[in-house]
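Have a look at the structure that comes next, please.
Each chain gets a letter, A, B and so on, in the order the sequences are listed, and its residues count up from 1.
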Amino acid sequence: MLPAATDYYRLLPEILAAVFGTIVMLLEPFLRREHKAALSWLGMLGAAAALGAAVLVRSDAGPAFFHLIQADPFTFFLRLLIYATALLVMLAARAYLDRENLPHGEFYALVLLGSVGMGVMAAAAELVTVFIGLEISSLSTYILASYRREALRANESALKYFLLGSFATAFFLFGVALVYGATGTARLEQVAEGVASVLLLKLGLALVFIGLAFKVASAPFHVWTPDVYEGAPAPVTALLSTAPKAAAFAVLLRIAGTVLPATLLWFWVLWGSAALTMFVGNLAALVQSNVKRMLAYSSIAHAGYILVALAAGTEAAYAAALYYLAAYALMKLGAFTLVAHLAGRGERRLTLEDYAGLARREPVVAATLSLYLLSLLGLPLTAGFLGKFYVFVAGLRAELLGLVVLAAVNTLLGAYYYLRVILYMYFREPDPTYEHAAREPVPAGTGLVLAATAAGTLLLGIFPGHLMRIAELAAASFR
Amino acid sequence: MVEQFTFYFFAALAVISAVLVVTVRNAVYSAVFLITTLLATAGIFLQLRAEFLFVVQIILYVGGIMVLFVFVVMLVDLDVALRQVQFNRQKWVALLVVLAVAGQLVFALALGSEALGLPAAAPESLEPNTESVGLRLFESYMLPFEIASILLLVAMIGAVLLGKRQKPPRSEA
C-alpha cells in the first residue's frame, strides 16, 4: 500500500514550501555576502507558490495519506492565512535583516519550513501528524526568536520560549498518548467511537488542550508571551503572533469540531480560559509603557476573543473564529512591522515616549498605525470590528450571554491603551531634551506590507462578504 | 510469582535511582543514575512484551542521549557548578503540587484498575511488535515518518546558526 499521486497532490502547498525552503538553504553558501538578500525573492516565491498550490488543490478536497491529512475547505482557509503571513513577513524582514546585520538565508528558510509545519498542523486529521507539524513549527520559531544572538534580552526570551514551549509540547504528546491508549486510534474521526476508557480519554484531551493553550498563549498558560514577543526580533514577533497561533487554533477547532467528547469536555474549560485570557491580556496591557510589550498583551487578549467563539461551539462560531483569525493576522502583522520600522537600529525606540509627536514628524506612518490600533480596538469600518461582531453574535446565538458581556467589557478596557498610543502620536509633544532618531524613509518592502495590511484591514471591514463565505465553507467541513 | 518479583525489582530500581538523580550533587553521578533508571524502565517494557520499546529505549536513550549527556557534563566545569547556589525559591509550591499529585495517585491506586475503566491487560503473548511498528511506519504512517526529516533539517539549521562562531562585524559600507 503506497500513497498515490492524489495524496501528494493534496499536500502540494506544504511540499512546495519545503522544497523552496531547502533550495534557499542550498543556494545560500554559493552567494556572495552582498547578494544574499536576494534570497528573499526565492523565499517569497516559495510562499507564493504554496499559496497558488493551495488555491489549485482547493477544487480537489478530500483525505490523503491514509486519512492522516484532510485537504478540505478548512485546510484551504488556514493555508491561505499561513502562507500569506509567511510571504508578508519575508517581505518586511529584508530591510530589517539588513539594518540589524543579521543573516538572510536562514531566516527565509526557517520561515518557509516553519510554515510547512503550520500547514501540516492545519491539514492534519490525526494527532501524531499534528504533533510532527507542531514540532516543526515550534522548532523554527524557537530559532527565529533567538535570531539576534548578541542581544541579551533576545537570548533570555528565546531560552524561556524554548523551555516553556518544549514543556507544553510534552503535555501535548502525553495527551496524545493517553487518547491513543483510551481509544486505540489517533485519527480524530475515530477517536469519538470505540472508547475503552472514558476517564483516560478525558485526561488525554485535557493534556492536549493544555499543550495547545500554551501555543495560542491563552491564560493561564500565557506567561511566556510578553517576554518572548518583546525580546524576539520584531518581524519574528509579527510571525509569532499570527501564523503559529492560527495553526494551533486550527488544531483546537478541528478537535472541537470532530471529536464530540472534546466539545463537551472542553466547554467550561474554554469558557473559563476565554474569560481569564481576555482579562489578563487587557488588564496587563493597560500599564505597559513599551509598545511592543503592550501589543504582546493585546495579542493575549485577542486569543481570548477567539476562545469565546470556540466556547460557543456552533458552526457559525467556528466561521467567526476563522474570520477573526484572518482579520487579527492582518492588523497584528501591520502593527508589528511598523513597530519594527520605528524602533530603529537595535530596536531601541519602543516606549510610548518615542511615539510622542509622531503624527507631525511622519503623518502617514502615524495614520497607518492608528488604523491598526483602531482595528485592534474594534472600531466600525475596520476588520477588527466585524471580527468581534461575528464572534459576539455567535456567542449570543449559543446563549453565552455572560461570556459575551465579559468580552464587551474587555473591548472597553482595550480602548484605553490603544487610544493612549494614538493620543501620544497626535496630541503629545516629545520632551524638548528628547533625542530624535534620524528620519528613516520606510523601506519598499515594509511599505508594501503596510499598504497590503492596511488595505486588507479596511477592505475586510467594509466588504466582509467574500472572506466570510470562505470561512463559512471552511467551518462546514466538520459536518 | 516470578512475574511479580521482576516487576517490583525493576520498579524499585527505577524509582530509587530516579530519586538519586535529583538528590545527588555531582552531575556525573546523576547521569549514571539516570542510566540506571532508563535501564530499569527498559526492563519493565520487556516484561510487558514490548520488545521494540525495550530495544529503542536502550539504543536511543541509554546509548545515544545519555552519552551526549555525559559528554556535556564532562565539558561543563563541574567544580564551579558544585559551588554555585541553587535557587529553588518555589520549594513550597513544588511541595504542595507533589503532595497533591501523590494524593491523587494513592487515591487512584486505592480504587483499583476497574475504577479507571482501563482496558484488560494484554494477553500472554503479543504479536511481534517490531514487525508491526515497521509495517505501520512505512505504510499508513509514512507521512509523519517522512516529514520528520524536515524537523531534523530545521533543528540542524538552528544548531549551526546558533552555535557557529560569530563573524567579525561587517564594515559599514
Quiz item: By a 4.5 Å heavy-atom criterion (distance strictly below it), what part of A:Y147 contacts chain B: side chain, backbone, both, or neither?
Solution: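 Side chain only.
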Self-check item: Pair B:Y141-A:E126, side-chain donor/acceptor within less than 3.5 Å
Solution: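 B:Y141 vs A:E126: donor-acceptor pair found between side chains.
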Practice problem: Give, as side chain, backbone, both or neither, the part of A:L144 having an atom under 4.5 angstrom from any heavy atom of chain B. | Solution: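 For A:L144, no heavy atom lies under 4.5 Å from chain B.
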Exercise. Name the region of A:E14, side chain, backbone, both or neither, that has any atom closer than 4.5 Å to a heavy atom of chain B.
Key: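 Neither part.
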Quiz item: So, A:K36 and A:E28, do they make that salt bridge, N to O below 4.0 Å?
Solution: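 Answer for the salt bridge query: yes.
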Self-check item: Region of A:L139 that comes under 4.5 Å of a non-hydrogen atom in chain B
Solution: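 Interface part for A:L139: both.
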Quiz item: With chain A, which of B:L152, B:L161, B:I150, B:I147 has the greatest number of heavy-atom pairs at distances under 4.5 Å?
Solution: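 Going by pairs under 4.5 Å, I would pick B:L161.
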Quiz item: Between A:F65 and A:Y8, does the ring centre distance come in under 6.0 Å?
Solution: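 Ring centroids of A:F65 and A:Y8 are less than 6.0 Å from each other.
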Practice problem: Kindly say whether the aromatic ring centers of A:F171 and A:F167 come within a distance under 6.0 Å. | Solution: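 Yes, ring centres under 6.0 Å apart.
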Quiz item: So which part of A:L203 gets closer than 4.5 Å to some heavy atom of chain B, the side chain, the backbone, both or neither?
Solution: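 Answer is neither: A:L203 stays 4.5 Å or more from chain B.
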Self-check item: A:R10 to A:G62 - nearest heavy-atom pair and separation
Solution: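 Scanning both residues, the minimum pair turns out to be CD-O, 3.5 Å.
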